[in-house]
Amino acid sequence: MKRYNPQLVESKWRKNWQTADLYKGIDFAKRPKYVMLTEFPYPSGEGMHMGHIREYTLGDIIARQKRMEGFNVLYPMGYDAFGLPTENYAIKNKVSPEVATQKNIANFQEQLERLGFSFDWSRRINTSDPAYYRWTQWLFLRFFQAGLAYQQEIAVNWCPFCKTGLANEEVINGRHERCDTLVEKKLLKQWLLRITDYAQRLIDGLEQVDYLPRIADQQINWIGKSKGAEIKFKIVNQPDQFIEVFTTRPDTIYGATYLAIAPEHNLINSLIGPKQKSQVENYIKQAQAKSDIQRQDNQSKTGVFSGSYAINPINNQQIPIWIADYILMNYGTGAIMGVPAHDQRDFDFAKKYQIAIQYVIEPSFGQAQEKQLEREAIVAVVINRQKQQVLMLNWGARQHSSGGQLFIGGGVEPGEDLQACARREIAQECGYTNLKIINQLDYNVHNHYYSNVVDQNCYAKIRGFLFELTDDNKVDPNLDSGEKNKFSIEWVNIQDVEKLVSDPAHKYIYQALLSEQKAVVGEGIMVNSSKYDRLNSSQARELIVKDLTKQGLAREKINYRLRDWIFSRQHYWGEPIPIIHCKKDGAVAVPDQDLPVELPKLDHYQPTGTGESPLSAVTDWVNTTCPKCGQPAKRETDTMPNWAGSSWYYLRYFDPNNNKMFASRDKLDYWGAVDLYLGGMEHVTLHLLYSRFWHQFLFDQGLVPTPEPYLARRGQGIILAADGTKMSKSKGNIVNPLEIIDSGYGADALRLAITFLAPYDQTTPWSPESLGGTFRFLQRIWTMVGEFNAADGGNQESEELVRVINKTVKRVSKDLLNLSFNTAIAGLMDCVNQLYLIKAKDRYQSVQWQWALETLVKLIAPFAPYIAEELWEQLANQGSVHLSSWPTYQEKYVAEEKTVFVIQINGKVRGQVRLAIGSSQADVEKEALKDPKIASYWQANKIVKKIFVPDKLLSLVIKSE
RNA sequence: GCCGGAAUGGCGGAAUUGGUAUACGCGCACGACUCAAAAUCGUGUUCCUUUUUGGAAUGAGGGUUCGAUUCCCUCUUCCGGCACCA
């Protein structure tokens with residue numbers, strides 16, 4: 001018997017699979033379809049990394065198993081070849097991007113083939129191929145003709161390193177996600193796609209598909225829907241002018257003490273007062289020079305008074321209009337009503353510029369009762385700075401809303417000053433008199449509770465005070481009879497206070513007093529709001545919008561954080577945008593029959609950095625004639641972003657060589673939507689969102705048959721380096737998959753190791769040692785099949801063998817259905833371990849061995865395709881194991897006859913008995929009593945309760961005295 | 001700050017609707033084979049105590065239950081995403 005040598009096995013079958021057409025002779029028409037999609041790679045010079053291998057291995061396992069189950073599986077692969085890294089590489093190495101791409105693709109191709117992925121290479125696509133991008137351009141023109149592609153001069157995110165504009169999604173923490181360069185703002189005329197028109201659809205569509213919840217959540221989050229209202233504020237002395245603000249909290253409108261607008265706001269010039277002119281113009285200049293990151297430095301909000309006033313429509317109050325760069329022009333209306341009392345940002349701004357703070361909502365706790373004692377009250381927190389302790393009253397065990405640990409509290413006497421009241425209560429309850437006021441709240445906290453002292457339901461409007469104890473001097477406490485002996489005074493360490501305080505209102509007051517005074521941002525009770533007083537803020541919110549809408553001063557509005565997709569790039573290596581600019585006819589679509597607009601061959605494709613693409617220098621390409629009027633005209637010189645070709649690539653796989661349409665309707669109808677899409681989490685708000693948008697639009701145009709492109713989407717986790725950090729070139733901890741294969745482990749062991757490591761969707765460190773484990777596992781199977789061939793075989797019957805195999809078939813099938821790949825492999829390992837035990841006993845003399853080993857080989861085929869094919873041949877089978885059918889199991893061989901009943905005493909396992917499935921409680925009890933230990937519990941104690949779970953356990957509750 | 005996810009042996013990780021926690025693999029220890037090593041095969045391996053027995057343990061604390069890794073509440077830490085979004 002030869003040793004398992006992956007090199008020999010894998011090269012042999014790689015050759016055979018290339019020459020043999022594996023799928024010839026299959027009647028696909030009779031099979032149900034299954035589209036297994038993994039993200040196609042960007043063919044960088046680096047070649048494949050572990051993440052690619054994980055993704056494509058998982059897809060391959062599913063594709064192969066589904067094929068064996070009788071599906072017509074489409075498992076395609078291609079190259080997403082346009083993009084900046086190739087262009088940068090080409091410039092650096094003085095080759096054309098086209099040549100660089102060809103070279104990189106050849107490298108990738110070889111690597112993919114080494115790993116034994118069952119891609120249908122006849123459908124290979126390349127997004128930079130004119131035969132492909134012809135259709136990317138064609139699809140773009142559909143957007144253009146539907147009015148969803150438009151040009152606008154906007155301040156775009158500009159990457160000074162890549163010298164191109166970027167989409168919002170490509171900016172991470174103010175940096176370009178590809179090169180990590182700080183992004184600047186630049187005013188450019190850009191093409192945009194109206195993805196915002198699909199914001200709601202993109203949210204709603206998620207309900208029809210099966211995405212990993214965190215993928216759907218991330219998309220919803222990114223789209224960022226918020227409900228609110230737009231409210232008009234008139235401008236003083238300009239009767240026809242008004243500023244519209246967007247707010248999600250119209251209920252706080254009585255607290256609006258100023259209005260703020262973005263420096264880019266279009267009404268700004270009409271607002272500047274003569275005195276403020278130079279100051280305001282200076283500020284605007286400064287603000288525009290700032291990058292986004294500088295503006296987001298919220299340590300210091302800045303602004304300037306415009307010189308004008310607005311009128312609050314709810315109460316006709318005049319409020320100042322400020323210009324502030326914390327207001328973003330591209331969200332809402334670029335203007336807000338400033339409510340410092342109830343918005344932390346406005347609060348910070350108002351503090352800095354001494355703008356009035358008006359509380360109109362007060363926090364409220366507990367439920368109002370029918371008969372409740374209503375009163376004004378104080379809560380006093382007394383702190384001992386030296387000892388870091390806080391004074392608390394312990395009212396005994398907390399029951400319902402009474403008792404527990406509280407601060408000092410008490411009712412306000414008629415006409416009494418609030419702070420005086422707090423001092424009086426402290427003296428009365430604890431005796432302390434030497435106190436320094438440190439902080440006090442400017443609003444009430446409403447509390448509904450039950451009072452021990454007066455023995456009834458109370459509703460208190462509480463004002464909070466924070467005192468510092470200056471010395472320990474005390475007077476005698478002076479308690480009334482209701483309070484005497486009901487509480488004890490305790491000094492509590494400051495770090496324990498929040499844990500101990502039992503009443504939510506007291507806790508709120510404590511936190512508000514100790515933190516820097518903050519805005520009240522939650523819901524609460526309306527105050528200082530005229531007729532809306534005493535209402536719930538959420539109710540008032542709706543009423544106020546309704547009332548203002550009636551007067552034509554407001555309307556309900558839903559805003560999305562999502563911005564339109566900036567679709568222009570100022571680079572060479574991308575799809576030319578197929579538009580011709582004509583002086584007379586404006587932007588005109590290149591006629592469909594003239595597509596593709598091919599990229600001209602260039603000698604220099606360096607980005608210009610001027611905001612124009614290098615194509616603009618190719619005058620004989622740029623100069624053309626208008627398709628409408630025939631007059632001289634110029635071509636659009638911007639190219640499409642990297643994400644264009646991948647927005648529809650899955651559709652091209654259905655019909656890759658069609659030169660009449662992007663895909664024929666027949667093929668689209670047959671394949672429909674992708675059944676399972678596996679990809680990286682990093683593309684959830686980029687590629688995944690973009691392609692869903694394209695697909696939804698194509699569906700609306702009647703060009704595709706399904707409303708959503710992907711029926712299910714999962715994301716695989718990242719493989720970290722063995723030290724738990726991200727693999728990166730700079731750290732030098734990258735694991736090269738090809739080196740692993742060549743070091744003697746082979747592709748099969750690598751595929752198994754990466755799959756067995758952890759659940760597929762979990763980020764997990766790579767462990768080189770696990771490779772030894774999976775290699776040994778394959779070797780054990782190899783040995784077993786080899787020895788079996790050497791043996792003569794026999795005619796014993798082994799039910800054990802039949803059972804082990806049947807159970808494994810069931811387990812592996814079920815795990816694969818749940819994408820639980822790692823446990824499926826554990827099941828296969830378990831199976832091999834058990835076969836070794838059986839083998840040791842019967843020395844291959846059982847008649848079922850041939851069948852058992854064949855079945856095992858089928859089960860490992862999706863995971864380790866090379867060795868499976870080799871062993872399939874060694875077991876004297878015709879054809880490919882990958883065309884054999886997935887094994888099935890019989891329930892009668894999976895079901896056990898006997899099972900273990902666990903005997904529990906008071907919830908603890910004290911014994912177990914092995915009895916037939918379906919045994920009665922009486923049988924189990926009888927058997928259990930044979931165990932002297934159990935019997936001793938039985939006799940010596942009184943049995944309170946017996947719980948019997950069929951086929952599982954008998955649990956006894958006994959009284960132990 | 002907001003939205004997700006996670007926490008189990010020395011390590012990666014298992015555990016149906018709540019029902020024997022630690023499957024499978026790695027590592028480690030011991031043994032067999034060998035002149036020896038590698039490879040392979042076998043045995044053991046949560047911790048504490050112990051002769052058996054027994055006790056404790058799934059990030060921390062509480063709750064529901066005969067019984068909780070699993071359900072509920074509070075908290076801690078880590079990871080991912082978003083973030084001046086009004």
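Here is the naming used below: chain letters follow the sequence lines, and residue numbers restart at 1 for every chain. Please read these numbers as outputs of a predicted model, since none were measured by experiment.
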So A:I172, base contact, sugar-phosphate only, or nothing? Heavy-atom distance under 4.0 Å. sugar-phosphate
Tell whether A:K952 reaches the base of B:U17 with its side chain through a donor-acceptor pair below 3.5 angstrom. yes
Ion pair present between A:R811 and A:D830, side-chain N to carboxylate O less than 4.0 angstrom? yes
Look at A:R776 and B:C26 and indicate whether a side-chain polar atom (N or O) is within less than 4.0 Å of OP1 or OP2. yes
Just N and O in the side chain of A:Q344: are any of them under 4.0 Å from OP1 or OP2 of B:G1? no
Using a heavy-atom cut-off of 4.0 Å across all strands, would you classify A:R214 as base, sugar-phosphate, or nothing? sugar-phosphate
Look at all strands and tell whether A:I947 reaches a base, only sugar-phosphate, or nothing, counting heavy atoms closer than 4.0 Å. base
Base, sugar-phosphate, or nothing for A:I327, non-hydrogen atoms under 4.0 angstrom? base
Looking at every strand, decide which applies to A:S226 at a 4.0 Å heavy-atom threshold: base, sugar-phosphate, or nothing. sugar-phosphate
What does A:N559 touch in the nucleic acid at a heavy-atom separation under 4.0 angstrom: a base, only the sugar-phosphate, or nothing? nothing
According to the Watson-Crick and G-U wobble definition with distances under 3.5 Å, which dot-bracket string, read 5' to 3', encodes RNA chain B, using [ ] for crossing pairs and | for pairs with another strand? (((((((..(((......[....)))((((((.......))))))(((.....)))..(((((..]....))))))))))))....
Which part of the nucleic acid does A:V900 contact within heavy-atom distance under 4.0 Å: base, sugar-phosphate only, or nothing? base
Considering every strand and a 4.0 Å limit on heavy-atom distances, what is the contact class for A:V909: base, sugar-phosphate, or nothing? sugar-phosphate
Students often get this wrong, so: under 4.0 angstrom with heavy atoms, is A:N330 touching a base, only sugar-phosphate, or nothing? nothing
Mind checking if A:P759 touches a base, just sugar-phosphate, or nothing, with heavy atoms under 4.0 Å? sugar-phosphate
Given the C1' atoms of B:U64 and B:A83, what is the spacing between them in whole Å? 39 Å
Toward the 5' end of RNA chain B, by each residue's nearest nucleotide, A:R563 or A:K726: A:K726
Mind telling me whether A:Y353 and A:F349 have parallel, tilted or perpendicular rings, with 30° and 60° as the class edges? tilted
Any base atoms under 4.0 Å from A:S955, or only sugar-phosphate, or nothing? Heavy atoms, all strands. base
Expected label for B:G9 (glycosidic angle, syn inside 90° of 0, else anti) would be syn
When the P atoms of B:A21 and B:C72 are considered, how many whole Å apart are they? 22 Å
Looking at CD1 of A:I860 and CD1 of A:I781, how far apart are the two atoms once the value is rounded to the nearest 0.5 Å? 4.0 Å
Using OP1 and OP2 only, check whether a side-chain N or O of A:N822 sits under 4.0 Å from B:A14. yes
In whole Å, what separates the P atom of B:A6 from that of B:U53? 38 Å
At under 4.0 Å between heavy atoms, what does A:R910 touch on the DNA or RNA strands: base, sugar-phosphate, or nothing? sugar-phosphate
Please measure how far the C1' atom in B:U46 lies from the corresponding atom in B:U40, and state the result in whole Å. 29 Å
Contact under 4.0 Å: A:N833 side-chain N or O vs B:G25 OP1/OP2: yes
Step through the shown structure and confirm whether more than 12 heavy atoms of other residues, nucleotides or ligands are within 6.0 Å of CG on A:N173. no
On RNA chain B, does the nearest nucleotide to A:S770 precede the nearest nucleotide to A:S820 from the 5' side, or the other way round? Give the residue. A:S820
A:T764 side chain, from C-beta outward: closest of B:A86, B:C66, B:G13: B:G13
With respect to the phosphate group of B:C41, does any side-chain polar atom (N or O) of A:R780 fall under 4.0 Å of OP1 or OP2? yes
Is there a donor N/O on one and an acceptor N/O on the other, under 3.5 Å, for the side chain of A:Q904 and the base of B:G19? yes
Students often get this wrong, so: under 4.0 angstrom with heavy atoms, is A:Q912 touching a base, only sugar-phosphate, or nothing? base
By the 4.0 Å heavy-atom rule, please label A:K946 as base, sugar-phosphate, or nothing. nothing
